[in-house]
Amino acid sequence: NTAQRRLAEEVTRFVHTQRGVDIALKATAALKPGSSTKLDVETLDAIADDIPSANLARDQVVGQSVVEVMVLTGLQKSKGEARRMVAGGGARVNNVKVEDEDAIIDDAMVLDGRMVLLAAGKKNKLLVRVQ
């Protein structure tokens with residue numbers, strides 16, 4: 001495992017420079033189950049093609065509850081299911097745990113005005129592309 005990681009880093013460094021390695025490592029950390037890695041647009045761009053995504057209009061995201069957006073994107077089947085996910089501590093926005101069922105997504109949560117990473121549980125992540 002360590003040898004594989006080292007080889008992957010060296011190949012990435014050879015092809016994409018050290019900056020590419022740094023982005024790849026940060027992207028890998030961001031997708032780790034239960035990750036609390038601080039996200040930025042560069043990291044989300046790096047993982048955008050590797051995770052499920054949904055496109056929503058800005059007014060369907062900003063000013064809406066996390067619960068509502070989780071349902072709109074299909075990450076959760078119902079508002080009740082989404083509320084239970086929040087209450088159980090499994091909902092995250094940009095790798096930050098959502099503490100309140102009534103939490104609202106604001107402009108600051110939309111990275112670069114165009115992306116939000118939602119998570120329901122440790123492994124279910126979805127990138128919301130805000131248009």
Side-chain angles (χ1 to χ4, degrees):
N1 193 352
T2 304
Q4 287 175 330
R5 184 184 324 194
R6 177 80 177 153
L7 177 62
E9 285 180 22
E10 290 304 319
V11 170
T12 304
R13 184 176 292 109
F14 180 74
V15 175
H16 299 287
T17 73
Q18 181 60 42
R19 188 165 189 272
V21 172
D22 295 341
I23 292 169
L25 291 173
K26 192 170 182 184
T28 301
L31 288 178
K32 213 179 274 185
S35 174
S36 60
T37 300
K38 181 151 173 56
L39 293 178
D40 55 34
V41 173
E42 192 172 51
T43 304
L44 287 181
D45 277 336
I47 63 175
D49 294 332
D50 299 324
I51 62 172
S53 66
N55 297 319
L56 292 178
R58 182 170 201 74
D59 64 347
Q60 291 179 296
V61 178
V62 177
Q64 301 299 320
S65 71
V66 173
V67 166
E68 180 72 30
V69 176
M70 290 176 92
V71 174
L72 275 174
T73 60
L75 188 59
Q76 295 290 278
K77 293 177 186 169
S78 68
K79 289 182 182 180
E81 188 175 282
R83 282 189 193 96
R84 285 189 293 279
M85 183 63 66
V86 171
R92 293 177 178 264
V93 175
N94 297 331
N95 284 347
V96 176
K97 186 186 285 189
V98 177
E99 303 284 347
D100 180 6
E101 291 178 22
D102 299 320
I104 301 293
I105 296 178
D106 61 26
D107 281 316
M109 294 174 173
V110 182
L111 301 178
D112 197 33
R114 60 189 175 100
M115 288 190 255
V116 178
L117 183 67
L118 295 178
K122 289 185 177 181
K123 296 182 180 180
N124 297 321
K125 297 188 187 244
L126 183 133
L127 181 66
V128 180
R129 297 173 194 266
V130 180
Q131 305 186 341

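Worth knowing before you read on, the calculation uses all heavy atoms, side chains too, and leaves out hydrogens, waters and symmetry mates.
Without hydrogens or angle criteria, D100 side chain to D102 main chain gives a donor-acceptor distance under 3.5 Å. In this structure a side-chain-to-backbone donor-acceptor pair under 3.5 Å is present from D106 to A108.
Under the 4.5 Å side-chain heavy-atom criterion for Ile, Leu, Val, Met, Phe, Trp and Tyr, V69 and L75 are members of the same hydrophobic cluster. Put simply, L117 and L111 are part of the same group of oily side chains (I, L, V, M, F, W, Y) that touch within less than 4.5 Å, one to the next.
With values rounded to the nearest 0.5 angstrom, Q64 atom CD is found 14.5 Å from M70 atom CE. The CD atom of E101 sits 12.5 Å away from the NZ atom of K79 when rounded to the nearest 0.5 Å.
At a threshold of 4.5 Å between non-hydrogen side-chain atoms, the residues M85 and Q76 count as touching. Two residues are said to be in side-chain contact when any heavy atoms from C-beta on lie closer than 4.5 Å; N95 and K125 meet this criterion.
In terms of the side-chain hydrogen bond (donor to acceptor under 3.5 Å, both in side chains) criterion, N124 has no residue partners (sequence neighbours excluded). Remark: D107 pairs with R58, V62 by the side-chain contact (heavy atoms from CB on, under 4.5 Å) rule, at least two apart or across chains. When the side-chain contact (heavy atoms from CB on, under 4.5 Å) test is applied to L72, the partners found at least two apart in sequence or on another chain are L56, Q60, E68.
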Checklist entry - Can you check side chain to side chain contact (heavy atoms under 4.5 Å, CB included) on K77 and V71, steps first, answer last? => result CA-CA 6 Å; K77 293 177 186 169; V71 174; over 6 Å; no

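Residues V86 and A91 approach most closely at CG2-CB, 3.6 Å, considering heavy atoms. Taking both residues in full, the closest heavy atoms of S53 and L126 are given as CA-CG, 4.2 Å, listed atom of the first, atom of the second, then distance.
When each of I51, V116, N55, T73 is checked for a side chain to side chain contact (heavy atoms under 4.5 Å, CB included) with L127, only I51 meets the rule. Just one residue in the list I105, V67, L118, V93 forms a side chain to side chain contact (heavy atoms under 4.5 Å, CB included) with V98, and that residue is V93.
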